[in-house]
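In each ligand, atom 1 is the first atom listed, and ligand 1 is the first ligand listed.
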Amino acid sequence: MATQEKSSILHKWREQGTTTATEEEITTLLGMSIYEDDFYDLLSISEARSRACYGSRGYVFAQIGINAEPCSKNCAFCSMGKSHYSMDGKWQKDIPQMKQEIENLLVQGIDALFLMTTADFPQEEALQFFAAARSILPNNVNLIANIGDLDIHMAKRLRDSGCDGAYHIRRLREGVDTSIPPEKREASLEALRNAELEIYYCLEPIGPEHTPEELAKELLFARSLHPVAMAAMRRVPVPGTPLAKKGRISARELTKIVAVSNLVVAPSRCMNVHEPMQMPLLAGVNQLYAESGANPRDTHSQTEDGRGINATKSWEILAEGGWFPA
Ligand code: SF4
């Protein structure tokens, strides 16, 4: 790939913004080497976008996994897939437990609370968790649903139970590495948008096998959804999961993808990297996740004792990058 070609794309993106970024341009930049000068130009343009849009405002979101149970969708990257369940326990939280965890998170300071269930978790029951969470959350803390696929009826009920938004993704190689048809994910996203819930999106789970062309297509899809928050997440090779043998991309490679994602999707509120790390803060990441309970990327069913970090630690990492609470 000609250096001139990359440089001229970067020049265009810096001078004119990215609303007219083409699939070809996105693919070219995603394919660049992470050891050349253009890499730093890309990071600089992405950081400049974040600073122009977000100032120095950082955000910490917290996610509580409500249940750790075998899931029939069998995603090949998830520790809770039924055919390769690799978590160290099976359980469901109850509402008092969840409320106690929320109180602890509020003391540390969070901007949004995500409640996550496996795809098989009864959605009627999930609504009770959302309503209970909303009853103790301050108005300035958003409540976000991260549950299985749903129709417009359930999307409206999520909104009525106090949810402000939803985390819902058409994942990379959906229908190949998962048993869910991509069309089903798209239909859920349409229902959520029709119910006027905010969309929290992510390019995930990125592995070494995903090509720049695949990633570019997904970024254009993400852009069409106008998410308030965008993220890029590398796949964790969780022991026991079918995709673990494929390994993972480096933090440096992820930082490049974060920068392109931030510029192309242009989230209105914040840009995230997953899992939390410092390097992508140089590319304008201003939001991190604290996690507790079940986590598809962990074999500890209480991820706060494993891969998950708490909100206080998330704020510390953000501050190192020059991102601060309101
Ligand atoms: S990622 Fe979600 S849908 Fe897929 S197996 Fe895990 S819990 Fe189920």
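A salt bridge does not link Glu204 with Arg235: none of the charged nitrogens is closer than 4.0 Å to a carboxylate oxygen.
Residue pairs meeting the salt bridge (charged side-chain N to carboxylate O under 4.0 Å, His left out) criterion with at least one member in residues 139-155, sequence neighbours excluded: Asp149-Arg185. For residues 102-120, the salt bridge (charged side-chain N to carboxylate O under 4.0 Å, His left out) pairs, not counting sequence neighbours, are Arg57-Asp111.
With sequence neighbours left out, the side chain to side chain donor-acceptor pair (under 3.5 Å) criterion links Ser46 to Asn262.
The aromatic ring centroids of Tyr54 and Tyr59 lie 6.0 Å or more from each other. Aromatic ring centroids of Phe114 and Tyr200 lie under 6.0 Å apart.
Of the candidates Arg297, Arg171, Met116, it is Arg171 that places a heavy atom closest to atom 2 (Fe) of ligand 1.
Counting only protein atoms, the N, O or S atoms lying less than 2.8 Å from atom 4 (Fe) of ligand 1 are Cys75 SG, ordered by chain and residue number.
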